[in-house]
J.: 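Structure provided below as structure tokens; questions to follow.
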Amino acid sequence: MALDHEAIYEAYKSEAKPVVSIDDSAGAFAADGTKIELDDAKIAAARKALDDAAALVAYKLKRTGADGTFIAIYPTIGDQLDMIYKDMLAGKLDTTGTWATAIKATKDKYPKP
């Protein structure tokens, strides 16, 4: 049986006897060697919290292209400033301008987690 080590450590980090070691075949243990009875619901909640936090970090990296892919979900700052300038000249500094519609399209396609 393969245990979710990361989620177990997260779920039990604030306990009176936190988990300090995990053996996939024997279970989880406190520092004094006491075996910790694992609660699947508690571990699942910790896994969800970890996954949610990771999704938020990934979102923040992707929206600027900082995730190493160089594919940003938002237009570059330079492109955005150019859109705003052109919208200003066209009298479209409202929700109908190219900048506003481009940003809305991105936010609709990639909502915050």
J.: Enter the distance from His5:NE2 to Ile43:CD1 here, rounded to the nearest 0.5 Å.
T.: 10.5 Å

J.: If you compare all heavy atoms of Ala7 against all heavy atoms of Ala46, which two are closest, and at what distance to 0.1 Å?
T.: O-CB, 3.4 Å

J.: Hey, are the side chains of Tyr9 and Lys13 touching, using non-hydrogen atoms and a 4.5 Å cut-off?
T.: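 Of all side-chain heavy-atom pairs linking Lys13 with Tyr9, none is under 4.5 Å.
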
J.: Could I get the full list of salt bridge (charged side-chain N to carboxylate O under 4.0 Å, His left out) partners for Asp52, not counting sequence neighbours?
T.: Lys48

J.: To the nearest 0.5 Å, what is the distance between CD1 (Ile84) and CD1 (Ile103)?
T.: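 Here the rounded value is 8.0 Å.
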
J.: Applying side-chain hydrogen bond (donor to acceptor under 3.5 Å, both in side chains) as the test, list every pair that has at least one member in residues 80-91; sequence neighbours left out.
T.: Gln80-Trp99, Asp82-Lys86, Asp87-Thr98

J.: With sequence neighbours left out, what residues match Thr96 under side chain to side chain contact (heavy atoms under 4.5 Å, CB included)?
T.: Lys92, Asp94

J.: To the nearest 0.5 Å, what is the distance between CG on Asp51 and CG on Leu56?
T.: 12.5 Å

J.: Kindly work out whether a path of hydrophobic side-chain contacts (I/L/V/M/F/W/Y, heavy atoms less than 4.5 Å apart) joins Leu3 to Phe29.
T.: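 Leu3 does not cluster with Phe29.
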
J.: State, to 0.1 Å, how close Val20 and Ala30 come at their nearest heavy-atom pair, and which atoms those are.
T.: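 Val20 and Ala30 have their closest heavy atoms at CG2-C, 3.4 Å.
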
J.: Classify the side-chain pair Tyr12/Lys17 by whether it contains a donor and acceptor separated by less than 3.5 Å.
T.: no

J.: Can you tell me how far apart CG (Asp23) and NZ (Lys35) are? Round to the nearest 0.5 Å.
T.: 9.5 Å

J.: In this structure, would Leu93 and Met83 fall into the same cluster of hydrophobic residues linked by side-chain contacts under 4.5 Å?
T.: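 Yes, it is one cluster - the side chains of Leu93 and Met83 are joined through contacts under 4.5 Å.
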
J.: Please identify which of these residues, Glu15, Glu10, Glu37, meets the salt bridge (Lys or Arg N to Asp or Glu O under 4.0 Å) condition with Lys42.
T.: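 Looking at Glu15, Glu10, Glu37, the match for Lys42 under the salt bridge (Lys or Arg N to Asp or Glu O under 4.0 Å) is Glu15.
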
